[in-house]
Amino acid sequence: MSIYDTLNPEQKRAVLHDKGPLLILAGAGSGKTRVLTHRIAYLIEHRNVNPWNILAVTFTNKAAREMKERVDQIVGYGSESIWVSTFHSTCVRILRRFIDRIGYERSFSIYDTDDSKTLIREVCKYLEIDTKRISERSILGAISKAKDELITPEEFEKSVSGDYMLKKQAEAYKEYQKRLKASNALDFDDLIVKTVELFMKDKEALTFYQNRFRYIMVDEYQDTNTAQFRLIHLLASGINEEGEKEYNLCVVGDDDQSIYKFRGANIQNILNFEKAFVGTNVIKLEQNYRSTKSILDAANEVIANNIGRKDKALWTDNDKGEPVSYTLFESDLDEADSIISEIKRTVENNNASYNDYAILYRTNAQSRIFEEKLILKNIPYRIIGSVNFYARKEIKDILAYLKTIDNGLDNIAVKRIINVPRRGIGLTTIDKVNDYALLNEMSFYEALTRAASIPGLERTASKIIPFVSMIEGLRTQLYQENYDLTELIDDVLEASGYLKDLEAEGSDEANDRISNIDELINKLVTYVEGAEEEPTLSGFLEEVALVSDIDNLDESTDNIVLMTLHSAKGLEFPYVYVCGMEEGVFPSYMSIYADNPQEEIEEERRLCYVGITRAMKSLSLSAAKHRMLRGETLYNKPSRFIHEIPRYLMKINMPEKDFLTSFASKNTSPFSEYRQSQRDYKPFVAPEPKNIAGSNIGTLSYGVGDNVKHIKFGIGKVTDIIMGGKDYEVTVDFPKFGTKKLIASFAKLTPMD
DNA sequence: ACGCCGACCGTCCGA
DNA sequence: CGGTCGGCGT
């Protein structure tokens with residue numbers, strides 16, 4: 001009996017697939033990680049593939065780490081030479097070696113979103129862009145979108161015609177990119193873009209990696225953007241010994257779990273994979289090993305409302321389990337309170353432990369209310385993602401010191417710390433130095449070194465010089481032999497006076513900051529001790545830049561975990577609570593009022609599908625009749641996604657008639673009718689209660705008077721709904737086809753808003 | 001140069 | 001609501 005005998009037939013086919021492109025459509029919980037790891041093992045042990053020739057790309061460090069561990073457990077030898085890493089780390093590794101070929105220095109900095117924001121702010125100021133009219137946010141969004149699509153500043157500029165806003169965005173993109181280059185820095189998107197650029201411009205570098213990566217696996221393929229697709233395509237297009245292109249590319253994904261369109265994910269990458277790679281083998285993994293029947297059925301029913309999916313049907317041999325629970329609370333406070341009390345009760349009755357639970361929500365802001373209750377009740381918890389450790393001020397400050405030492409061209413880093421702690425160097429001084437630097441085409445830091453000769457700085461030069469010599473001193477130390485990186489951070493804290501200032505302050509907040517800095521020191525020590533190669537300052541800084549909060553999730557700690565639905569992708573929990581299931585919250589109002597609501601709502605629905613399929617044993621959904629958002633009370637009706645789950649799969653914790661009428665209640669959004677109604681007040685008239693009788697066969701998403709769409713008859717108006725035996729009979733007036741009586745479950749009528 | 005305070009504002013998801 | 005920014009006084 002071999003390890004491959006434990007696989008189901010489809011899994012086995014995927015694992016034993018030999019050469020050529022392979023697309024694995026892996027439904028939620030269908031054991032895709034298992035397939036990937038076994039496939040790697042199979043290639044090494046039975047196809048004599050050198051582990052060195054395998055590249056596996058994931059989206060998070062956590063996924064990469066887990067894959068490494070699992071491969072290690074089943075492969076006899078050589079697992080350490082398999083290259084398993086995220087898109088971004090893969091690119092950084094490649095660029096650290098070859099980026100000088102496209103005109104950057106190999107010690108480049110990586111800018112995070114904060115740095116990008118600071119930079120674009122400078123750019124807007126320089127270009128005199130009125131950020132009231134064109135927000136920095138929208139410019140950054142446009143730049144990021146362009147980069148995701150591999151559009152250069154020059155191409156962007158050419159593509160815009162008369163539109164003022166686009167013209168300004170093009171200008172800003174150009175200047176932004178120029179300044180990144182001057183700072184020898186890459187933003188997150190650049191990591192991919194510049195690697196593609198390198199491969200396009202330098203055949204030698206490309207061939208080097210094509211020869212190295214003979215077998216490529218990509219996880220979560222549905223979330224790749226155009227740039228990432230291009231990267232993978234380039235890498236996989238190597239020539240084998242026989243002079244042929246083999247495309248030994250195996251991608252795993254699920255179009256139903258594509259939830260990152262907003263950051264450029266291109267669903268066509270998975271939908272058109274077979275066209276992009278001729279001769280693709282497609283394997284569907286449709287057996288779910290994770291969830292109960294009830295949970296899986298609910299997920300299937302919800303996602304069935306999306307059109308244009310790859311055809312697949314997830315099933316399970318698992319027990320039916322408990323029905324999905326749904327509760328409509330009075331308020332967000334009740335919701336949080338009740339969910340936490342319920343968890344506490346179950347855990348205290350020894351029926352589960354805290355780390356069996358996840359509370360999922362649409363937006364990070366929703367975590368606060370839970371956190372307050374959890375602290376109050378003294379329950380251990382962990383919130384993923386709300387405030388990234390590395391986004392904290394004190395951490396960013398210390399890192400800026402390290403970046404300045406590492407890459408003096410990094411203007412954002414230097415400017416951040418030039419007056420932190422206070423050295424009496426104010427804005428006017430900084431502006432003068434900056435002007436001088438721009439005029440003489442040098443970095444901000446270099447201008448600082450010449451402060452004494454900058455006109456108008458005769459007085460403040462005396463404050464700048466000690467700063468420069470401090471940095472120089474630290475830098476010299478760094479290049480000494482046997483100098484330990486962990487000493488450097490201590491020296492920075494000491495020489496800058498940063499720690500002394502905090503200690504002198506003595507407030508709770510200052511003490512918090514000190515312990516955060518201690519934590520950063522710990523991370524540096526861990527890095528130095530665990531580094532695979534010689535630990536370097538650049539190495540530490542890039543590890544820090546590319547880490548996400550989810551990477552540090554430790555499932556063995558006995559905590560309730562709270563996170564967004566996005567962060568939960570790829571995870572599973574015995575008990576899952578999805579809260580805030582209200583129109584305007586989930587699906588978000590942004591999607592409801594978007595230019596293309598159909599498309600955006602479908603993405604929200606996929607997110608809902610992801611949420612539901614995280615649950616193994618029990619799934620609880622909840623909504624609140626009203627909740628507080630930015631100091632305003634909103635009245636939202638329950639989410640359409642609740643409505644899309646058939647009634648028979650749910651246990652509803654309220655009277656049936658309240659459940660049915662709740663969907664007809666008023667929805668107030670701060671961005672549309674609500675604000676408007678405050679200005680020109682119209683008394684609110686409740687909509688007619690929908691003509692739906694209580695039943696156990698599911699509810700309709702439309703009522704009498706609504707416009708609905710029929711696949712053949714088009715749009716019509718519902719004039720009557722009657723209960724007929726075990727189904728609804730719906731009467732609809734179609735302008736072109738007249739009045740039709742339709743059976744609801746067959747007719748598939750979709751409501752028009 | 002810097003700290004305080006009130007006005008204003010923006011609203012999601014994330015490596 | 002909570003963060004940021006700009007004006008003002010020291």
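Every chain is numbered from 1, with letters handed out A, B, ... down the list of sequences.
- Contact check, A:Ser135 against B:dG10: no side-chain N or O comes under 4.0 Å of OP1 or OP2.
- With rounding to whole Å, A:Phe87 atom CZ is found 19 Å from B:dG14 atom P.
- With distances taken from any side-chain atom of A:Phe262 to the nucleotides B:dG14, B:dC12, C:dG2, the minimum falls on B:dG14.
- At whole-Å resolution of the value, CZ in A:Phe389 and C1' in B:dA15 are 18 Å apart.
- Side chain of A:Thr113, nearest nucleotide from B:dC12, B:dA15, B:dG14: B:dA15.
- The nucleotide whose nearest atom lies closest to any side-chain atom of A:Asn419 is, among B:dC2, B:dG14, B:dC13, B:dC2.
- At the heavy-atom level, A:Asn364 lies under 4.0 Å from the strands shown only through sugar-phosphate atoms.
- In this structure, A:Tyr209 and A:Phe98 have perpendicular ring planes: the angle between them is above 60°, well past the 30° mark.
- The residues A:Asp551 and A:Arg65 are annotated as not salt-bridged, no charged nitrogen and carboxylate oxygen being separated by less than 4.0 angstrom.
- Contacts of A:Thr429 with the nucleic acid, taken as non-hydrogen atoms under 4.0 Å apart, involve only primed sugar atoms and P, OP1 or OP2.
- In terms of position on DNA chain B, the residue among A:Ala545 and A:Arg362 whose nearest nucleotide sits closer to the 5' end is A:Arg362.
- Side-chain N/O atoms of A:Glu220 and A:Gln222 include a donor and acceptor closer than 3.5 Å.
- In this structure, A:Ile601 places its CD1 atom 17 Å from P of B:dC13, rounding to the nearest Å.
- At whole-Å resolution of the value, CZ in A:Arg133 and P in B:dC9 are 17 Å apart.
- Under 4.0 angstrom from either OP1 or OP2 of B:dA1 there lies no side-chain N or O belonging to A:Arg423.
- Of the candidates A:Thr195, A:Thr224, A:Thr58, A:Val92, A:Phe87 forms a side-chain contact (heavy atoms from CB on, under 4.5 Å) with just one, namely A:Thr224.
- Between the side chains of A:Tyr111 and A:Asp410, at least one donor N or O lies within less than 3.5 Å of an accepting N or O.
- Between the CD1 atom of A:Ile550 and the C1' atom of B:dG14 there is a distance of 11 Å, given to the nearest Å.
- Listed candidates were B:dC13, B:dA1, B:dG14. Nearest to the side chain of A:Tyr260 is B:dG14.
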### Query
So what does the secondary structure string of DNA chain B come out as, 5' to 3', with Watson-Crick or wobble pairs under 3.5 angstrom, [ ] for crossing and | for pairs with another strand?
||||||||||.....

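- A:Thr428 has a side-chain polar atom (N or O) that falls below the 4.0 Å cut-off from OP1 or OP2 of B:dA1.
- Side-chain proximity of A:Met590 to B:dC12, B:dC13, B:dA15: nearest is B:dC12.
- For A:Arg422, taking side-chain heavy atoms from C-beta onward, the closest of the listed nucleotides B:dG3, B:dC12, B:dG14 is B:dG3.
- Across the protein-nucleic acid pair, A:Lys393 atom NZ and C:dT4 atom P stand 12 Å apart, rounded to whole Å.
- Side-chain nitrogen and oxygen atoms of A:Ser548 include none within less than 4.0 Å of the OP1 or OP2 phosphate oxygen of B:dG14.
- When the side-chain hydrogen bond (donor to acceptor under 3.5 Å, both in side chains) test is applied to A:Tyr260, no partner is found at least two apart in sequence or on another chain.
- Put simply, CD on A:Glu604 is 13 Å from P on B:dC12, counting in whole angstrom units.
- If you check every strand for non-hydrogen atoms under 4.0 Å, A:Ser567 touches sugar and phosphate atoms only.
- Nucleotides C:dC5 and B:dC12 are separated by 24 Å at their C1' atoms, to the nearest Å.
- Among the nucleotides B:dA15, C:dC5, B:dA1, the one closest to any side-chain atom of A:Arg121 is C:dC5.
- Within the 4.0 angstrom heavy-atom criterion, no nucleotide atom of any strand lies near A:Arg606.
- Atom CG in A:Leu95 sits roughly 20 Å away from atom P in B:dA15 (whole-Å rounding).
- For the residue pair A:Gln177 / A:Lys147, a side-chain donor-acceptor distance below 3.5 Å is found, with atom types taken as modelled.
- Of the candidates C:dC1, B:dC12, B:dA15, B:dC12 carries the atom nearest the A:Arg137 side chain, counting heavy atoms from C-beta on.
- Looking only at atom types and distance, the side chain of A:Thr564 has no donor-acceptor partner in the side chain of A:Asn364 under 3.5 Å away.
- A:Thr226 and A:Asn266 form a side-chain donor-acceptor contact under 3.5 Å, judged by distance and modelled atom types alone.
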